[in-house]
Every structure is written in structure tokens, then in C-alpha cells.
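Everything below concerns the one structure shown next.
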Amino acid sequence: MTETNAAQAGPEPEATLLSAFDVSVQFGGLRAVDQVSLTVRRGEIVGLIGPNGAGKTTFFQAISGFVKMAGGIVRFCGERIDGLAPERICRLGMTRTFQIVEVFPSLTVRETLTAAAMVRLPLARARELAEDVASLVRLGGKLDLTCRQLTLPDQKALEIGKAMATQPTMILLDEVMAGLRPSETDEVVALIRTLRDRGVTFLVVEHNMDVIMGLSDRVAVMGSGRKIMEGTPDEVVRDPKVIEIYLGGEFELA
Ligand SMILES: Nc1ncnc2c1ncn2[C@@H]1O[C@H](COP(=O)(O)OP(=O)(O)OP(=O)(O)O)[C@@H](O)[C@H]1O
Ligand SMILES: [Mg+2]
């Protein structure tokens, strides 16, 4: 990436936490993410939607350092982070959950959260933070259960807890609500709102339209690797291009 490109990305307003500029990812002959730009301000909840295979997860992987970008610039808290390893990016304050719940089944909730907290803290303080985070995500009474003993909603809470234990400024959530019943989904939505009120910024991929439209301050839409549009939830559900993508699909735009 050249400095000329960096200059084109332009100066950022104070409130900008994440800015991705022209991010591309190439898998062999497939351009999975094609020049996607997206800005997230501090304290926002931004939704990212699009049909299966649109490139949402790959975009997350690119900005969090898990896949190599074919091009583009990513700034987080004013620093260039493109090309950095995921651990470095996580220590700078951006963390992500995985679309497939990733827990070690034989570890306890306490061990899992402590391990995540050790990204920043020595063991003794990581253990303390693990307890605080467990209470925050309503797993305070389940600290000594193993992950395989947890229900699906509790596993999802643990995913969010693992992210919180790294003391992030921003969390990327990839379909954390998939597979949950409506009442369980409501609980996760309430948890995300609580964490936002405590200062965490969110970029959220979710297929449930009611959830994403109710939760997000702004929504960006991807299709075939490209960003198709972004706007307020109201603007997005009325956009002809978005309606066309979803028409006849599995989604209903209320
Ligand atoms: N590691 C990989 N190697 C090759 N192709 C990949 C890889 N990961 C994803 N892809 C392809 O890249 C495209 C984008 O996939 P991605 O998983 O980012 O979509 P998505 O929007 O997250 O979809 P979903 O809603 O189903 O999770 C798809 O065509 C997918 O098959
Ligand atoms: Mg995905």
C-alpha cells in the first residue's frame, strides 16, 4: 500500500473509531471482499448485513488481521492496523467473536475467561476480571461449569464474555444470535446495549432483520463482496437495491 493511497483515505474526524478504506480480499480467483469502505464512530452499533457468501465474515477477518488483505487501509483509534497480527490488533482494543462458537469444551467458564483476560493482564488480575466479566454476561453462577455443560445461549454469552475479557474498545460480533430462540435473542440484544452503554462500540453481523434493524444505529449492506449501501435502518429497508437482493430470499424486510 502506498502513501498516496493513505493520503486518499483522508483525515478522520475525532469521533471515528474504525475506518476501513477500499478493503479487498482475494481467495484464488474469487474477490471475496471488493473495495469495501466503512467507518464506525465511537459508541455506535453498526449492523452489517447481506446474503450468504456476501463477504461479511471475510471483511471481519480482514480488518481484525485474520486474513491478508489484497488492498486497502484500516485505521483503528487513529492508528494504521492493516497488516498487523490479530493479537496486536486485539491489544489495541478491537476484538471479535467467531461465527462458529469457539470454546474448548473441557475448560471451565472461569478458565476460558481468564485465558482471554490474559491478553492484557497478569494471571492474578486476569482471574479477578474473569469473575467480573462472568457476572456482566450473567454467567456468575456458572464459573466452574465446563463449556460443554453450557446451554447454547450461555455459550453465546461466553463468546461475548471472552471478547469483553480482552477489555476492548470495539467488538465485532459475527452471528452471535444464530440458533437462539426469540426470548434468548432478546437477552443477547439487551446485553449488547448494556455493553454499549459502558462504552463499547459494536460492528454486528446478523441475519435476523428484526434484531439488526432494532439494534443498529446504522446499517451497511454487502452483496457479492461489495458494499451496496449504508444508512439508517429506515433508509436501508426502503432502498430498492436492498429490497432486490432480499426479494424472494429467506429474509423479510418489515
Ligand atoms: N478461506 C476461504 N478460502 C476460499 N474462499 C473462501 C474462504 N472463506 C470464505 N470464502 C468464500 O468467500 C465468499 C465470502 O464468504 P463469507 O464467509 O465472507 O460470507 P458471509 O457474508 O460471511 O456469508 P454467511 O452469511 O453465509 O456467513 C464466499 O464465496 C466463500 O465461499
Ligand atoms: Mg459469515
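These numbers come from the heavy atoms of this one structure, side chains and all, not from hydrogens, waters or symmetry mates.
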Item to check | Criterion side chain to side chain contact (heavy atoms under 4.5 Å, CB included) against Leu150, the qualifying member of Leu152, Asp154, Thr146 | outcome: Asp154
Next on the checklist: On a heavy-atom basis, which atom in Cys147 and which in Leu158 lie closest, and how many Å separate them?
Outcome noted: SG-CD2, 3.6 Å
Item to check | Listed partners of Phe66 passing ring pair (Phe, Tyr, Trp, His ring centres under 6.0 Å), at least two apart | outcome: Phe98
Item to check | Shared hydrophobic cluster for Met94 and Val119 (ILVMFWY, side-chain gaps under 4.5 Å) | outcome: no
Next on the checklist: Using the side-chain hydrogen bond (donor to acceptor under 3.5 Å, both in side chains) definition, which of the options Lys156, Gln155, Lys162 pairs with Glu159?
Outcome noted: Lys162
Checklist entry - Side chain of Thr95, backbone of Ala163: donor and acceptor closer than 3.5 Å? => result no
Checklist entry - Would a distance-only check, ignoring hydrogens and angles, find a side-chain to backbone donor-acceptor pair under 3.5 Å from Arg218 to Gly47? => result no
Item to check | side chain to side chain contact (heavy atoms under 4.5 Å, CB included) assessment of Met213 paired with Val236 | outcome: CA-CA 9 Å; Met213 295 303 169; Val236 166; 3.9 Å; yes
Item to check | Whether Arg120 side chain and Arg91 backbone form a donor-acceptor pair below 3.5 Å | outcome: yes
Checklist outcome for this item: Residue set satisfying side chain to side chain donor-acceptor pair (under 3.5 Å) with Thr169, at least two apart, ordered chain then number -> none
Checklist outcome for this item: So CG of Leu17 and CZ of Arg75: to nearest 0.5 Å the spacing works out to 13.5 Å
Item to check | Glu230 bridged to Lys227 by N-O distance under 4.0 Å | outcome: yes
Next on the checklist: If I compare all heavy atoms of Ala220 with all of Leu38, which pair ends up nearest, and what's the gap?
Outcome noted: CB-CD1, 3.7 Å
Checklist entry - Between the main-chain N or O of Ile45 and the side-chain N or O of Asp217, is there a donor-acceptor pair closer than 3.5 Å? => result yes
Item to check | Student check: side-chain heavy atoms of Phe202 and Val46 closer than 4.5 Å | outcome: no
Checklist entry - Between Lys241 and Glu244, is the closest basic N to carboxylate O distance under 4.0 Å? => result no
Next on the checklist: Run the side chain to side chain contact (heavy atoms under 4.5 Å, CB included) test on Glu131 and Leu143 for me, step by step, so that the C-alpha distance in whole Å, both residues' side-chain angles and the decisive distance to 0.1 Å come before the verdict.
Outcome noted: CA-CA 8 Å; Glu131 293 195 3; Leu143 272 159; 4.0 Å; yes
Next on the checklist: Using only atom types and a distance under 3.5 Å, with no angle test, would you say the side chain of Thr97 pairs donor to acceptor with the backbone of Asp174?
Outcome noted: yes
Checklist entry - Would you say the side chains of Thr108 and Asp144 form a donor-acceptor pair under 3.5 Å? => result no
Checklist entry - According to a 4.5 Å side-chain heavy-atom criterion applied to Ile, Leu, Val, Met, Phe, Trp and Tyr, with indirect links allowed, do Leu92 and Val23 form part of one hydrophobic cluster? => result yes
Checklist entry - Does the side chain to side chain contact (heavy atoms under 4.5 Å, CB included) test come out yes or no for Ile89 and Phe76, once each step is laid out? => result CA-CA 9 Å; Ile89 295 175; Phe76 180 67; 5.7 Å; no
Item to check | Considering all heavy atoms, the nearest Ser64-Arg96 contact | outcome: OG-CD, 3.2 Å
Item to check | Closest contact, heavy atoms only, Val25 versus Ala62 | outcome: CG2-CB, 3.6 Å
Checklist entry - Do Met118 and Val133 share a hydrophobic cluster, counting only Ile, Leu, Val, Met, Phe, Trp and Tyr and linking them when any side-chain heavy atoms are less than 4.5 Å apart? => result no
Next on the checklist: Taking Arg41 first and then Glu44, would you say they form a salt bridge - that is, a charged N and a carboxylate O separated by under 4.0 Å?
Outcome noted: yes
Item to check | Test side chain to side chain contact (heavy atoms under 4.5 Å, CB included) applied to Val219 and Glu235, step by step | outcome: CA-CA 9 Å; Val219 177; Glu235 289 165 349; over 6 Å; no
Next on the checklist: Does Arg110 have more than 12 heavy atoms from other residues, nucleotides or ligands lying within 6.0 Å of its CZ?
Outcome noted: yes
Checklist entry - Are Ile63 and Phe27 co-members of a hydrophobic cluster defined by side-chain heavy atoms under 4.5 Å apart? => result yes
Checklist entry - Mind checking whether Leu136 and Leu121 sit in one hydrophobic cluster, side chains of I, L, V, M, F, W, Y counted as touching below 4.5 Å? => result yes
Checklist entry - Closest heavy-atom contact between Pro168 and Met164? => result CD-O, 3.4 Å
Next on the checklist: Using only atom types and a distance under 3.5 Å, with no angle test, would you say the side chain of Thr201 pairs donor to acceptor with the backbone of Gly43?
Outcome noted: yes
Checklist entry - Which atoms form the tightest heavy-atom contact between Glu175 and Glu206, and what is the distance? => result CA-OE1, 3.5 Å
Checklist outcome for this item: Here the side-chain hydrogen bond (donor to acceptor under 3.5 Å, both in side chains) pairs for residues 176-194, sequence neighbours left out, are Arg181-Glu184
